[in-house]
Amino acid sequence: MNRDKSEALFKKATNLIPAGVNSPVRAFKSVNDSPFYVKKAKGAYLYDVDGNEYLDYVSSWGAIILGHADRGLVSAIKKAVEDGTSYGACHPAEIEIAQLIVDAFPSIELLRLTSSGTEATMSAIRLARGFTGKRGIIKFRGCYHGHVDSLLVKAGSGLATFGTPDSDGVPEDLAKHTYVAEFNHIETVKNIIQEHKDIACLIMEPIMGNMGVILPEEKFLNYVQELCQQSGILLICDEVITGFRVTYGGAQHVYGIDPDITCLGKIIGGGFAIGAFGGKRKIMQALAPLGNTYQAGTLSGNPIAVRAGIYTLQYLRDHRDMYDQMRQRIEMAKDSILRIATKHGVPYRINSTTGMFTGFFSDRDVNDYESAATCDKKAYESFFKHMLAEGIFFAPSQFEASIVTMCHKEREISKTINSYEKVFKAMGSSS
């Protein structure tokens, strides 16, 4: 596969942009490769500047669900652009998208739009602190909630510890208010709550998507909610990835939880930059100008993003059978891939839910941070490069979700399975 034009562009980019990329994982550094440059996208495919076609399982990191350049969505966007690209003022479409989201999430009574999922989680944490008058935060190791200072921390022993900065530029005085628990280990949450009384909120991905897909064990999320309610801690559900992906609404519907605040992004903008956070009325009314917790944004409620989101959410609402089809296609692929892995002696596990899955190079089940972190990253590097040569684009990191859209149909699943057969045969014979 020739990528000469991409290589030349990447070399030029490194002189203008740190590491040549505007988001770290795009550098392909963890798989010891360099990125290709996209010229256009359509349906389930990307096309690079060298003329190569890639079946896309990144799908703009979960923002795309209808498929790239969906005809109806493009038409809606064109009409929106003709009315102006940014107002900095109120417009009717803000109300329309808010109503769609509120109708889909019983836990949300009021919401506010932002320009990204990171803004949504940052604002939700500030709101929780303002509402409760407390400073502490609980997060789960391996759950990513955007590049928010308070959340860029890691655990020491993995139990109830003070957070330490996971990035330069994050003050220790700020990070020390973040406590890190272990996903699917409820005792770690209990320990933190018992030892620290100044906790404003617990933030979690109901399904982990940033250590790969890791599903909550039975009743785990319900136990977390109960502990929060008993201790006066606000529960923040980060559904930036899972919102409108695993079902119409989000994972909280699937697992029967009722968070105090929910954070959204990605799909609700139809591929445009957007975020939102919403929750119980009494909590959301603490935001300025009703309350004293300040949050603002020039491009919040951008009319192009909002109208793209309205089209996408209305389509999903009116075609809910597509969720069953996505789930069935993933299950079909999963069964075939696992048989292929066994046939060629490749240690492999797949975690999946509707619209997303992750294959882990491991000989044991992956159900928490520790089991994910011990997966074979070298094997993933080999897999990634072989698959890219086959024209299939997975995330350039072992620890990401593979994202399926409504354009990943039988043809795409068959292509994927056939490529797994070739790649695992090569990997099995070389081990």
Side-chain angles (χ1 to χ4, degrees), residues 1-14 16-17 19-28 31 33-82 85 115-116 245 265-274 302-312 315-316 322 326 329 355-356 384-385 387-397 400-416 419:
M1 180 179 286
N2 183 287
R3 286 160 55 187
D4 290 346
K5 291 182 180 179
S6 284
E7 292 288 349
L9 286 169
F10 184 54
K11 184 177 180 180
K12 183 176 182 179
T14 57
L16 299 167
I17 305 168
V21 295
N22 286 306
S23 191
V25 74
R26 296 181 197 172
F28 287 27
V31 290
D33 204 349
S34 58
F36 61 85
Y37 277 69
V38 177
K39 182 177 181 179
K40 64 178 182 178
K42 182 65 179 176
Y45 294 89
L46 300 176
Y47 301 87
D48 73 11
V49 293
D50 291 285
N52 300 309
E53 177 187 89
Y54 304 91
L55 175 54
D56 182 16
Y57 279 104
V58 175
S59 304
S60 190
W61 305 96
I64 304 298
I65 192 167
L66 303 185
H68 293 290
D70 175 82
R71 183 177 300 175
L73 178 59
V74 169
S75 177
I77 293 165
K78 286 180 178 179
K79 291 178 182 178
V81 170
E82 290 174 354
T85 57
S115 296
S116 70
R245 172 158 297 283
K266 298 189 184 289
I267 285 173
I268 68 166
F272 284 82
I274 200 170
N302 174 265
I304 311 302
V306 166
R307 286 169 68 174
I310 289 169
Y311 178 88
T312 302
Y315 187 94
L316 295 174
M322 298 297 288
M326 283 197 297
R329 287 167 190 155
M356 54 197 287
F384 172 84
K385 291 176 177 176
M387 279 295 190
L388 204 62
E390 291 290 321
I392 298 184
F393 178 41
F394 284 99
S397 167
E400 297 286 352
S402 298
I403 303 295
V404 171
T405 73
M406 292 181 178
C407 288
H408 286 73
K409 298 183 179 180
E410 284 78 5
R411 174 178 176 270
E412 285 68 35
I413 298 304
S414 294
K415 175 179 173 62
T416 303
S419 295

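Just so it is clear, the structure is predicted and the values come from calculations on it, not from any experiment.
Stacking of K39 on the aromatic ring of Y47 is not recorded, the 6.0 Å distance cut-off and the 45° axial limit not both being met.
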Verdict with supporting geometry, F393 and L55, side-chain contact (heavy atoms from CB on, under 4.5 Å): CA-CA 6 Å; F393 178 41; L55 175 54; over 6 Å; no

side-chain contact (heavy atoms from CB on, under 4.5 Å) between I267 and R245, intermediate numbers included: CA-CA 8 Å; I267 285 173; R245 172 158 297 283; 3.8 Å; yes

Working for side-chain contact (heavy atoms from CB on, under 4.5 Å), residues F272 and I77: CA-CA 10 Å; F272 284 82; I77 293 165; 3.3 Å; yes

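Residues A305 and A273 come closest through the heavy atom pair CB-O, 3.6 Å. Here the closest heavy-atom approach between residue L316 and residue L66 is recorded as CD2-CD2, 4.0 Å. Heavy-atom minimum distance, A69 versus A41: CB-O, 3.6 Å. Residues A27 and P35 share a closest heavy-atom pair of O-CD, 3.8 Å. Contact between G269 and A308 at its shortest, heavy atoms only, is O-CB, 3.4 Å.
Between the side chain of S6 and the backbone N or O of Y37, at least one donor-acceptor pair lies under 3.5 Å. In this structure, E412 contributes its side chain and K409 its backbone to a donor-acceptor pair below 3.5 Å. Judged by distance alone, with hydrogens and angles left aside, the side-chain atoms of N302 form no donor-acceptor pair with the main-chain N or O of I274 at under 3.5 Å. Formation of a donor-acceptor pair under 3.5 Å by the S414 side chain with backbone atoms of E410 is found in this model.
Taken to the nearest 0.5 Å, the OG1 atom of T312 stands 10.5 Å off from the CD1 atom of I268. Going from atom CZ of F28 over to atom OG of S397 covers 11.5 Å, rounded to the nearest 0.5 Å. Within the model, atoms CZ of F394 and CG of L388 stand 11.0 Å from one another, a figure rounded to the nearest 0.5 Å.
Put simply, the side chain of S34 reaches to within 4.5 Å of the side chain of E7, judged on heavy atoms. No side-chain heavy atom of R3 sits under 4.5 Å from any side-chain heavy atom of V49. Counting heavy atoms from C-beta outward, V25 and P396 have side chains that approach closer than 4.5 Å. Side-chain atoms of D70 and M406, non-hydrogen and from C-beta on, never get closer than 4.5 Å to each other. By the 4.5 Å heavy-atom criterion applied to side chains, Y54 and I392 are not counted as neighbours.
Applying the side chain to side chain donor-acceptor pair (under 3.5 Å) test to K385 and every residue at least two apart in sequence or in another chain returns E381. Under the side chain to side chain donor-acceptor pair (under 3.5 Å) criterion, N52 pairs with D48, not counting sequence neighbours. Applying the side chain to side chain donor-acceptor pair (under 3.5 Å) rule to R26 yields no partners; only residues at least two apart in sequence or on another chain are considered. By the side chain to side chain donor-acceptor pair (under 3.5 Å) test, R329 pairs with Q325, sequence neighbours left out. Under the salt bridge (charged side-chain N to carboxylate O under 4.0 Å, His left out) criterion, E390 pairs with K422, not counting sequence neighbours.
No more than 12 heavy atoms of other residues, nucleotides or ligands sit less than 6.0 Å from atom NZ of K5.
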Would you give me the side-chain donor-acceptor pairs under 3.5 Å for residues 56-65, sequence neighbours excluded?
unit_1 : atom_1 : unit_2 : atom_2 : d
D56    : OD1    : V58    : N      : 2.8
D56    : OD1    : S59    : N      : 3.1
D56    : OD2    : S59    : N      : 3.2
D56    : OD2    : H68    : NE2    : 2.8
Y57    : OH     : T416   : OG1    : 2.6
S59    : OG     : I403   : O      : 3.2

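The ring of F10 has its center no closer than 6.0 angstrom to the ring center of F36.
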